Protein chains: 4
Amino acid sequence: MDPLARLTEELTRPPFNAWLGLRAVTVEPDRVQVALPFRPELAGGTDPYLFHGGILASLADVAGYAVSAIATGGRTPTIGLHIEYLRPASPVDLIATATVRRLGRSLLRVDVEIHADNSLVAIARGNFTNTGGAQ
Amino acid sequence: MDPLARLTEELTRPPFNAWLGLRAVTVEPDRVQVALPFRPELAGGTDPYLFHGGILASLADVAGYAVSAIATGGRTPTIGLHIEYLRPASPVDLIATATVRRLGRSLLRVDVEIHADNSLVAIARGNFTNTGGAQ
Amino acid sequence: MDPLARLTEELTRPPFNAWLGLRAVTVEPDRVQVALPFRPELAGGTDPYLFHGGILASLADVAGYAVSAIATGGRTPTIGLHIEYLRPASPVDLIATATVRRLGRSLLRVDVEIHADNSLVAIARGNFTNTGGAQ
Amino acid sequence: MDPLARLTEELTRPPFNAWLGLRAVTVEPDRVQVALPFRPELAGGTDPYLFHGGILASLADVAGYAVSAIATGGRTPTIGLHIEYLRPASPVDLIATATVRRLGRSLLRVDVEIHADNSLVAIARGNFTNTGGAQ
């Protein structure tokens, strides 16, 4: 499957991913970008409207999983995720950029940065299982 | 506001929390339990159905925020969250138990454990801002 | 090798461990306790004397590695470590308690708590590689 | 105090830092580089000799503290540190590069990368307290 088709499948097939309304932006062998438009159900605060922290963590998880799956060609269950919130996330399109930092025999280390317009709102780091043995 | 009413408000007022369908289980001054019933939109995998990792991260964030807010009496924006996935989360009621480990002048450290039936499926640790100065 | 001998070997054979001056306290199949007496070279602050944060991270790493090695019977290189500092660590004997939370096929999740006298000064969580396949 | 003098002081005044044998390499307002030459007491493994994971965590903590102290002009106690080990760290000079990702009113988020020659051996992320209110 070509990488963009694979990314699109990852973003739309799992039910919660489909509900989020994710969109593939760019795909490279070790880097993907994913967009998530705002809508009110994704909010934590409402005065003003801001994205919920759990939505940002979900976006980081999905983007990290997707780049891992594309880099290895297999399934890559999340081992753990560490996210830090740097600024409130305004109700615009979020862009998550996930980059493989290390593809090891048994796990991948992936960094994810999330921007709202030009503001860096969260940085995350995840470990994903390499079930296929690609290295 | 009494603690159970405060917890219920935290679980239902933010739009994404309301969508999740969270339910207050127990409230103590430094410990809360929150339940999240399964439904297909919360799934990552579908064969078999399993909770999405982002849903578990969201549940940990909400439970950690809630116990922090109850312990301090104020707003407690999430600084960062670290979650580790120990086992697949079967499509049953999840129970998140959030416990304050340290209430400091400027931030709280909170541990969250998530069970699916009697199986420990995830452990999380979060930092939350103490905006009210309770210590 | 009996578990206490194995723990003692882990605490004394690696050169930096030997320099630290670690001492085995208790050993169970999935839990060990390690003591570290203060001496001035282990200090960060000097007015008053306090243990250096890097020493606490090192102690957490060593205790987590040791319980993993004992639980699996093999080598268990550290994948990652997350430590949070809760209180200043006074110049007394530190006691680190490392507990296996999950022994999986490819990695172990370990929690470590560090006390200075009766004060909980740091909590850590580490992932260690299961090279032996014990599960 | 000029930034290089301040960095040198941070690397040599705390007793454990002095024992490590750290050396200032570069200083910018939000980025510092620190070198740590190998010697056998800093080893974990001995066949072959490799740096101990606790030494890398200590180096990340010191470099993150130093860039925070320089950026704020005050003391910046470590709140928490998350380190991931990507490759074995060969017995050469380590170079830690610490960069401020966000200077907030109450805390700083700092990324640290550690290289051994041209190999990226560890990535770390720390939170440090902003005691001076610089923002």
Side-chain angles (χ1 to χ4, degrees), chain A residues 30-31 50-51 53 56-57 60-61 63-65 67-68 71-72 76-90 94-130 134-135, chain D residues 30-31 50-51 53 56-57 60-61 63-65 67-68 71-72 76-90 94-130 134-135:
Chain A
D30 60 358
R31 183 170 167 280
L50 296 170
F51 274 98
L56 276 78
D61 180 54
Y65 182 101
V67 78
S68 299
T72 62
T76 52
T78 311
I79 293 167
L81 184 76
H82 181 195
I83 183 166
E84 304 212 13
Y85 300 98
L86 305 192
R87 295 177 180 85
S90 296
L94 296 180
I95 302 283
T97 305
T99 308
V100 176
R101 298 300 304 271
R102 173 80 169 118
L103 198 177
R105 199 162 32 214
S106 60
L107 76 164
L108 300 99
R109 326 291 182 116
V110 177
D111 273 359
V112 185
E113 302 199 349
I114 301 180
H115 285 82
D117 283 334
N118 292 319
S119 174
L120 180 64
V121 295
I123 52 180
R125 183 160 281 165
N127 288 352
F128 297 86
T129 312
N130 182 358
Q135 188 185 15
Chain D
D30 60 358
R31 182 171 168 279
L50 296 170
F51 274 99
L56 276 78
D61 180 53
Y65 183 101
V67 77
S68 299
T72 62
T76 52
T78 311
I79 294 167
L81 184 76
H82 180 196
I83 184 167
E84 303 211 14
Y85 300 98
L86 305 193
R87 296 177 180 85
S90 295
L94 296 179
I95 302 283
T97 305
T99 308
V100 177
R101 298 301 304 271
R102 174 82 170 115
L103 200 178
R105 198 163 32 214
S106 60
L107 77 164
L108 300 99
R109 327 289 183 117
V110 176
D111 274 358
V112 185
E113 303 198 347
I114 302 178
H115 285 82
D117 283 333
N118 292 318
S119 173
L120 179 65
V121 295
I123 52 180
R125 182 161 282 165
N127 288 352
F128 298 86
T129 311
N130 181 357
Q135 188 186 14

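Each chain gets a letter, A, B and so on, in the order the sequences are listed, and its residues count up from 1. What you see is a predicted model; the values in this text were computed from it and never measured. Excluded from the calculations below are hydrogen atoms, water molecules and symmetry mates; all remaining heavy atoms, backbone and side chain alike, are included.
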Colleague: Can you spot which of A/Leu94, A/Ile95, A/Leu120, A/Ile123 makes a side chain to side chain contact (heavy atoms under 4.5 Å, CB included) with A/Ile114?
Modeller: A/Leu94
Colleague: Nearest heavy-atom pair of D/Ala71 and D/Val100: which atoms, and what distance?
Modeller: CB-CG2, 4.3 Å
Colleague: So which heavy atom on A/Val121 is nearest to which on A/Ala89, and how close?
Modeller: CG1-CA, 4.0 Å
Colleague: Tell me, side chain or backbone of A/Leu107 under 4.5 Å from chain D's heavy atoms, or both, or neither?
Modeller: neither
Colleague: Closest approach of A/Leu81 and A/Ala57, non-hydrogen atoms and distance?
Modeller: CD2-O, 3.6 Å
Colleague: Can you list the donor-acceptor atom pairs spanning chain D and chain A that come in under 3.5 angstrom?
Modeller:
{"from": "D/His82", "atom 1": "ND1", "to": "A/His82", "atom 2": "ND1", "distance (Å)": "2.6"}
{"from": "D/Glu84", "atom 1": "OE1", "to": "A/Arg109", "atom 2": "NH1", "distance (Å)": "3.1"}
{"from": "D/Tyr85", "atom 1": "O", "to": "A/Arg109", "atom 2": "NH1", "distance (Å)": "3.3"}
{"from": "D/Tyr85", "atom 1": "O", "to": "A/Arg109", "atom 2": "NH2", "distance (Å)": "2.6"}
{"from": "D/Leu86", "atom 1": "O", "to": "A/Arg102", "atom 2": "NE", "distance (Å)": "2.9"}
{"from": "D/Arg101", "atom 1": "NH1", "to": "A/Glu113", "atom 2": "OE2", "distance (Å)": "3.3"}
{"from": "D/Arg101", "atom 1": "NH2", "to": "A/Glu113", "atom 2": "OE2", "distance (Å)": "2.9"}
{"from": "D/Arg102", "atom 1": "NE", "to": "A/Leu86", "atom 2": "O", "distance (Å)": "2.9"}
{"from": "D/Arg109", "atom 1": "NH1", "to": "A/Glu84", "atom 2": "OE1", "distance (Å)": "3.1"}
{"from": "D/Arg109", "atom 1": "NH1", "to": "A/Tyr85", "atom 2": "O", "distance (Å)": "3.3"}
{"from": "D/Arg109", "atom 1": "NH2", "to": "A/Tyr85", "atom 2": "O", "distance (Å)": "2.6"}
{"from": "D/Glu113", "atom 1": "OE2", "to": "A/Arg101", "atom 2": "NH1", "distance (Å)": "3.3"}
{"from": "D/Glu113", "atom 1": "OE2", "to": "A/Arg101", "atom 2": "NH2", "distance (Å)": "2.9"}

Colleague: Measure across D/Val110 and D/Gly64 and return the closest heavy-atom pair with its distance rounded to 0.1 Å.
Modeller: CG1-CA, 3.9 Å
Colleague: With sequence neighbours excluded, what pairs up with D/Phe128 under the ring pair (Phe, Tyr, Trp, His ring centres under 6.0 Å) test?
Modeller: none
